[in-house]
2 protein chains.
Amino acid sequence: MNPPATSSLLAPGQFERIAKALADPRRFAMLETISSALECPNQALCNDFPVSKATISHHIKELVQAGLIEPEREGQYKTYRVRQDVVNAYAAEVIRRVGKPRARAG
Amino acid sequence: MNPPATSSLLAPGQFERIAKALADPRRFAMLETISSALECPNQALCNDFPVSKATISHHIKELVQAGLIEPEREGQYKTYRVRQDVVNAYAAEVIRRVGKPRARAG
DNA sequence: TCATTTGTTTGATGGTTGTACAACTGTCTC
DNA sequence: GAGACAGTTGTACAACCATCAAACAAATGA
């Protein structure tokens, strides 16, 4: 029962999914673009990245499934927001797992 | 010690390399294993993971090239240590880039 | 030097993934 | 409903990658 501190935000398997989502440079750049605006319309991504809209949709899907961004419908359009708490939880989890010497459990 | 800024530790391109290195679950698990001991001999990895030594060598190489671990020769054997400063710098860089709303450059 | 142990490199292979094109769904306006 | 715009999905392909087996290299010990 005791939900531990920071990592409880990440569902099982989410850590790996995030790691994979962040691994592709283009996808990470898209995440940065989304992060650079409070609300990023999909079209902005189509303008900023020289890939087809299908590819953008694919990357967006990965980011959403990783829990890194949240889509918002605005009528015909779609915008996205970065889940900063998830990003922070991921970074914290990385540090917790490999960022400091493990306690000797002794 | 006062490790100055967090990201200056990462060389150009290292961020992407680290992201890719962390993306594979098995490789990350190896990094965890190395992190769990102050010095991890290669044999420990061979015992803990059901993959061939060639595969282990390959993953180790990736981790070294990403700057995440440092090899140490001990005569016939080899051990590894996690560069916690690099891990921390990576986590900090993730947060800096996408972990908080971008300043509006104002 | 030879044999053993440890780790690396090479070549091959099956799976994963980033990408595009085409077709589809959904929404808005008329 | 028709047409236009925005985004998704299916299919296909090329590049990448994790993996192994085998050959190779390096160090130890007899």
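So that the names make sense, note that chain A is the first sequence line, chain B the second, and so on, each numbered from 1.
Between A:Glu72 and A:Lys78, none of the side-chain N atoms (NZ, or NE/NH1/NH2) sits under 4.0 Å from a carboxylate O, so this pair counts as no salt bridge. The pair B:Glu93-B:Arg97 meets the salt-bridge criterion, with a side-chain N (NZ, NE, NH1 or NH2) lying under 4.0 Å from an Asp/Glu carboxylate O.
B:Ile60 is connected to B:Phe49 through a chain of hydrophobic side-chain contacts under 4.5 Å among Ile, Leu, Val, Met, Phe, Trp and Tyr, so both are in one cluster.
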Step by step, would you call A:Thr55 with A:Ser52 a side-chain contact (heavy atoms from CB on, under 4.5 Å)?
CA-CA 5 Å; A:Thr55 299; A:Ser52 70; 3.1 Å; yes
Applying side-chain contact (heavy atoms from CB on, under 4.5 Å) to A:Asp24 and A:His59, what does each step give before you reach the verdict?
CA-CA 9 Å; A:Asp24 182 63; A:His59 285 313; 3.7 Å; yes
Run the side-chain contact (heavy atoms from CB on, under 4.5 Å) test on A:Leu45 and A:Ile34 for me, step by step, so that the C-alpha distance in whole Å, both residues' side-chain angles and the decisive distance to 0.1 Å come before the verdict.
CA-CA 8 Å; A:Leu45 299 175; A:Ile34 296 174; 4.2 Å; yes
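Rounded to a whole Å, the CE atom of A:Met30 is 13 Å from the P atom of D:dG7. Separating the CG atom of A:Asp24 from the P atom of C:dT16 is a distance of 17 Å, rounded to the nearest angstrom. Look at OH on A:Tyr77: it is 15 Å from P on D:dT8, rounded to the nearest Å. In this entry the distance linking CG of B:Leu22 with C1' of D:dC17 reads 16 Å, nearest Å. Remark: P of C:dT19 and CG of A:Leu45 are 13 Å apart, rounded to the nearest angstrom.
Contacts between residues 50-66 of chain B and DNA chain C, defined by a heavy-atom separation below 4.0 Å, involve B:Lys53, B:Ala54, B:Ser57, B:Lys61, listed by number.
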Using a 4.0 Å heavy-atom cut-off, write out nucleotides 25-30 of chain D from 5' to 3' as B (base contacted by protein), S (sugar-phosphate only) or - (no contact).
--SS--
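Between A:Arg27 and C:dG18, a side-chain N or O to OP1/OP2 separation shorter than 4.0 Å is present.
Residues B:Val86 and B:Gln14 have side chains in contact (heavy-atom distance under 4.5 Å, counting atoms from C-beta outward).
For the pair A:Arg17 and A:Tyr90, the cation-pi criterion (under 6.0 Å, within 45° of the ring axis) is not fulfilled.
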